Each structure stands twice: as structure tokens, then as C-alpha cells.
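The structure under discussion appears below in the form of C-alpha cells.
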2 protein chains.
Amino acid sequence: MINPIGNLNKIFDSRIRLGVMSILMVNEEVSFNDLKQMLELTDGNLASHLSTLEENGFLKVHKGFVGRKTNTTYSITKAGEKAFKGHLAALENMIRSMD
Amino acid sequence: MINPIGNLNKIFDSRIRLGVMSILMVNEEVSFNDLKQMLELTDGNLASHLSTLEENGFLKVHKGFVGRKTNTTYSITKAGEKAFKGHLAALENMIRSMD
DNA sequence: ATATGTAACTTTGATTCACAAAGTACTTTA
DNA sequence: TAAAGTACTTTGTGAATCAAAGTTACATAT
């Protein structure tokens, strides 16, 4: 591929999805509310980006409890990790291999 | 800023504008047609992204000739370089400073 | 002189995306 | 019982993306 942007993953063009993935790369499991606060998003906005990532098989959802309150957490899948690493590699490649 | 995506530049959410900038970071001057071929874009699509970058003061345009044919070239501005470097730093920060 | 070609756009129109705000269902705490 | 929290979904609006076609201006070939 000569085209320097051809290997970038379209899913990660979104800064929010990029942010979610980068958080999940270094944190095994993160709750909906923590993501919401870290990224300063409304519920609806976060939920829609999370479902895009889930539909693409990049993360998985765990519905549980903290004490008696519902608590949904998210973690990255193998496929998500692979795709995200691939995207970062493409970014690095684009930036450095141009000379 | 705690929010890991808060320092990303919105202009560079677009893969195409990211590609243009990364090309112009390492090539002093690049023609419209070269950009078009490198990024595999239609005229209109490239032109619109270029004008967004220009409106933001990130690149400048030189209208010249090659022999007798018109030849428009683009180069990065100081502001563009600064913004792009800032964006890359924010990306790196986001990816690495999360633990 | 006419037609064809090339460069660099602009315009148009359709589709998709992003986002806030409001609504929903369920539970919990005061 | 009322208020608040969790995790959504729905709705509506505006913005962004893109291909395709049209445009302007010059160049070259016939």
C-alpha cells in the first residue's frame, strides 16, 4: 500500500472511540460512568460510540453490580486489541515512513 | 486536562487532513496532483480538505507553472507545523499516559 | 479554427455522523 | 413515597463526507 492513510481503521477516526480504546488498552475493565467522566460525555453519546465498538467486536460488555447498584463495565477484546494496535502502527507508519 | 482526548485537534480527526499534513511535514512543497495520487482522492474531495486546512492557516498555496502548465503546490505553515506536532503529542500522550 | 486535454477547482445532492436533550425502565436511598 | 442513580434508546438537528458533474482557464494536437 502506497497510500499512507489506507491502513488507518475508519472506526478510529472518531476521537471518542479512540479515547475509549486507549483507556481500555491499559485498564482491564472500566465502567460506563468512569468512561463518561474521563471523556466528559453525555450518556447518549458515550452509549452510541460504545455500541459501535461492540458491534465491531472490539469490546465486550459485562453487566454486574457494585453492592446493589447495577454496574456495566467494558473491556477490550482480542480483536479490538489487534485492530487498535494495527491502527497505531498505521499512524506511526504514516508519520515516519514518508521521507 | 484529565480528559485524554481533550487535546486532540478536531481538524485532524479527518484521516485525509491527517494524511495531507503528514505528507507536508516531510516534503517542503507538494502539488495538487501529487497529493491526489498519493491519497487516492477525487479532485473535489481533496480540494475541500485543502481549503479547510488553508482556512485554518495550516498550509499555504503557491500558484505557479511547470513549463507552461499551471501547477499549484501546497506547503505547511509554521502554525500548521505547530498544530500538527501538538496533535501528535496529544495522541502519544493519550496512548501512553493512561496507566 | 476546432477539438481534445489537463489543472484546479466549485457546486450539487445524497448519505452518514455526531451530539444534545429528552424519554425509558429499573432500582435504590432518603 | 419521592428523589436520584444507572444505562440506556429515541428523536431531531446540524455538520461532515464524498462522488459526480460542472466550470474556468490555458495548452496542445489535428
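Note on naming: letters A, B, ... go to the chains in the order of the sequence lines (proteins, then strands), and numbering restarts at 1 for each one. Please read these numbers as outputs of a predicted model, since none were measured by experiment.
Atoms CG (B:Leu46) and P (C:dT11) sit 17 Å apart, rounded to a whole Å. Between the CG atom of A:Leu53 and the P atom of C:dC17 there is a distance of 13 Å, given to the nearest Å. Atom-to-atom, CZ of B:Phe12 to P of D:dA16 comes out at 15 Å; the value is rounded to the nearest Å. One atom, CG of A:Leu50, and another, P of C:dC17, lie 17 Å apart when rounded to the nearest Å. Nucleotide C:dC9 holds its C1' atom 14 Å from the CG atom of B:Asn71, rounded to whole Å. In this structure, the CG atom of B:Leu35 is 10 Å from the P atom of C:dA8, given to the nearest Å. Rounded to whole Å, atom P of D:dT17 lies 12 Å from atom CG of B:Leu18. Rounded to whole Å, the distance from CG on B:Leu39 to P on D:dA19 is 12 Å.
B:Asn45 has its side chain within reach of B:Thr42: a pair of non-hydrogen atoms, C-beta onward, lies under 4.5 Å apart. In this structure the side chain of A:Glu29 reaches within 4.5 angstrom of the side chain of A:His62, judged on heavy atoms. Taking the side chain as every heavy atom from C-beta outward, B:Leu39 and A:Pro4 approach each other to under 4.5 Å.
Using a distance-only test at 3.5 Å, with no hydrogens or angles considered, a donor-acceptor pair links the side chain of B:Arg15 to the main chain of A:Leu8.
A sub-4.0 Å separation between OP1 or OP2 of C:dA8 and a side-chain N or O of B:Tyr74 is absent.
For A:Phe84 and A:Phe58, the distance between ring centers is not under 6.0 angstrom.
The aromatic rings of A:Tyr74 and A:Phe32 sit tilted relative to each other, their planes meeting at an angle between 30° and 60°.
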Counting primed atoms, P, OP1 and OP2 as sugar-phosphate and everything else as base, the B/S/- map of nucleotides 18-30 of chain C against protein heavy atoms under 4.0 Å is SSSB-----SS--
